[in-house]
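All values below were derived from every heavy atom in this structure, side-chain atoms included, with hydrogens, water molecules and symmetry-related copies excluded.
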Amino acid sequence: MKKFAFLLALVLIMVSSIAAGTLAMYTVSIDTLAKGSVVAKEFIFVGEGTDSFQEGLKIAPSETAHWKFKVKNYENHIVSETDIYYKLTFNVQALPGKNAIEPLTVTVKDLNGIVLNSVTGVGTFDVLGQFSLAVNGQERDFLVEVNWPTEGSSDINYAGINFGSMINVDAIASQIPLKATDPDPVPPQVSVRYETTVPWQNGQSGNYQYEYKVTITNNSTEPIYNWSIAFNLPTDKLTSAWSNAKLVSDTPKGYYKFLNPGYNNQLTDSILPGKSVSFRGPAKGMGTEAIRSIVVGGSNITDLTNVDLLCQFGKASLN
């Protein structure tokens, strides 16, 4: 039986879109994702060709969706004539023109339930495998699990048509063993520093309060016009912003959003490359809780969630 070296190009690109709608419209339908079948698609490593599909899948907090796919080294009576090494690369990212559903976890398992790899939010991971040379064709079954764990009041932050995630699956095969791809780390475009003072006790109410300060630094080469920042702080309560920012009212408990002050001044309303803006205000609590789920926005950019965060608690003063 002849053997020959080859690297098969992509046999199938499988694209699955996961879109968030309003909370009243959340549904789960695997039939539309897999076109009415529990087996969505197959990767067949015996010849060249491409195929693709894209379907909408609605998913809500606390829900989990599944679909199966198969990897084969044969098609009809044709079987690969050498050992086959394959690599499946899963790339989870935001849908074009939307923001990613950050809590979403994508996991790939075998049919015994063993987790092969996973990612939360956005990112890329590989699943490697092998078919040894044999007369008969072989196949492997995989299960993709998409889970949205509930995070309480912060779930509402990802509701609406502005959020959606996409799973792009690429497959290659080779006679030579393949290695997992080391994803290039994406440096954060924005740094955020959250500082608090030593708390003191209010003489009238007896409750503790402190002063907070938020500093946003633009690490990119592009300005951020009309900046905004949102984050979660479940226990402590930020009551107002004294200057350089507007605190949005009527937000869910534990969720805060600040807008630029609107002074018509580029130094305060925008964040130029390499520059920072800061704002501060009073708060209730002990000031030892970190902010989380940070989103920095601007009128000229897509919301940024890859943020470098530094928290400093209990400072004598805020410079």
Side-chain angles (χ1 to χ4, degrees), residues 61 94 99-105 120-122 148-160 162-163 186-200 207-220 224 226-261 268-271 275-298 301-319:
N99 301 308
I101 306 173
E102 291 296 330
L104 207 68
T105 297
T120 298
V122 296
W148 187 341
T150 182
E151 295 186 355
S153 61
S154 64
D155 290 334
I156 191 67
N157 301 340
Y158 300 97
N162 293 326
F163 292 90
V186 178
Q189 295 178 276
V190 171
S191 297
V192 173
R193 185 168 72 249
Y194 176 69
E195 303 169 87
T196 67
T197 61
V198 176
W200 65 90
N207 296 326
Y208 282 92
Q209 57 192 64
Y210 63 94
E211 183 182 339
Y212 73 90
K213 180 180 179 182
V214 176
T215 301
I216 311 168
T217 301
N218 183 0
N219 302 323
S220 72
I224 302 174
N226 301 310
W227 63 265
S228 65
I229 184 171
F231 51 78
N232 290 320
L233 189 67
T235 303
D236 289 342
K237 182 178 180 180
L238 310 184
T239 56
S240 66
W242 283 329
S243 61
N244 294 338
K246 299 175 182 177
L247 176 59
V248 177
S249 59
D250 299 326
T251 57
K253 183 180 179 181
Y255 175 73
Y256 297 89
K257 184 170 185 177
F258 296 85
L259 307 178
N260 69 87
T268 57
D269 299 350
S270 301
I271 313 176
K275 301 298 182 180
S276 303
V277 296
S278 297
F279 61 90
R280 64 179 70 193
K284 296 179 181 180
M286 298 302 295
T288 57
E289 181 183 32
I291 60 177
R292 61 190 72 176
S293 302
I294 303 167
V295 178
V296 175
I301 62 169
T302 301
D303 286 349
L304 303 174
T305 57
N306 184 17
V307 174
D308 184 21
L309 173 64
L310 173 64
C311 293
Q312 297 176 313
F313 306 126
K315 302 181 71 172
S317 62
L318 302 178
N319 298 325

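The backbone N or O of Phe258 sits nowhere less than 3.5 Å from a side-chain atom of Ser228 that would complete a donor-acceptor pair. Between the Ser293 side chain and the Asn232 main chain, no donor and acceptor come within less than 3.5 Å of each other. Ser276 places no side-chain N or O within 3.5 Å of a backbone atom of Thr215 that could act as its donor or acceptor partner. Side chain of Asp236 to backbone of Gly287: a donor-acceptor contact under 3.5 angstrom is found.
Here the CG-CD1 distance, from Asn244 to Ile216, works out to 10.5 Å after rounding to the nearest 0.5 Å. Rounding to the nearest 0.5 Å gives a distance of 7.5 Å between OG1 of Thr196 and CG of Leu318. Thr305 contributes atom OG1, which lies 3.5 Å from atom CD of Glu102 (distance to the nearest 0.5 angstrom). Rounding to the nearest 0.5 Å gives a distance of 7.5 Å between CG of Asn218 and CD1 of Ile301. Here the NZ-OG1 distance, from Lys257 to Thr251, works out to 10.0 Å after rounding to the nearest 0.5 Å. Rounded to the nearest 0.5 Å, atoms CD1 (Ile291) and CD1 (Ile229) are 5.5 Å apart.
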Quick one: do Val190 and Ile224 satisfy side-chain contact (heavy atoms from CB on, under 4.5 Å)? Show the steps, please. CA-CA 10 Å; Val190 171; Ile224 302 174; 3.9 Å; yes
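Residue Gly285 comes nearest to Pro199 through the heavy atom pair O-CB, 4.0 Å, listed as atom of the first residue, atom of the second, then distance. The shortest non-hydrogen separation linking Arg280 to Tyr212 is CB-O, 3.0 Å. The heavy-atom pair separating Ala230 from Tyr255 by the smallest distance is CB-OH, 3.3 Å. Among all heavy-atom pairs drawn from Thr197 and Trp200, the shortest one is OG1-CZ3, 3.8 Å.
The side-chain heavy atoms of Pro261 and Ser243, taken from C-beta on, include no pair separated by under 4.5 Å. Residues Phe231 and Val307 form no side-chain contact, since every pair of their non-hydrogen atoms from C-beta on lies 4.5 Å or further apart. Residues Ser270 and Lys275 fail the side-chain proximity criterion, which asks for heavy atoms closer than 4.5 Å. For the pair Tyr194 and Leu233, the minimum side-chain heavy-atom distance is below 4.5 Å.
Partners of Tyr256 by side chain to side chain donor-acceptor pair (under 3.5 Å), not counting sequence neighbours: none found.
Between Trp227 and Phe279, the angle of the ring planes stays under 30°, which puts this pair in the parallel group of the 30/60° scheme.
For residues 306-319, the salt bridge (Lys or Arg N to Asp or Glu O under 4.0 Å) pairs, not counting sequence neighbours, are Glu195-Lys315.
By the 6.0 Å contact criterion, NZ on Lys213 is enclosed, its count of non-hydrogen atoms from other residues, nucleotides or ligands being greater than 12.
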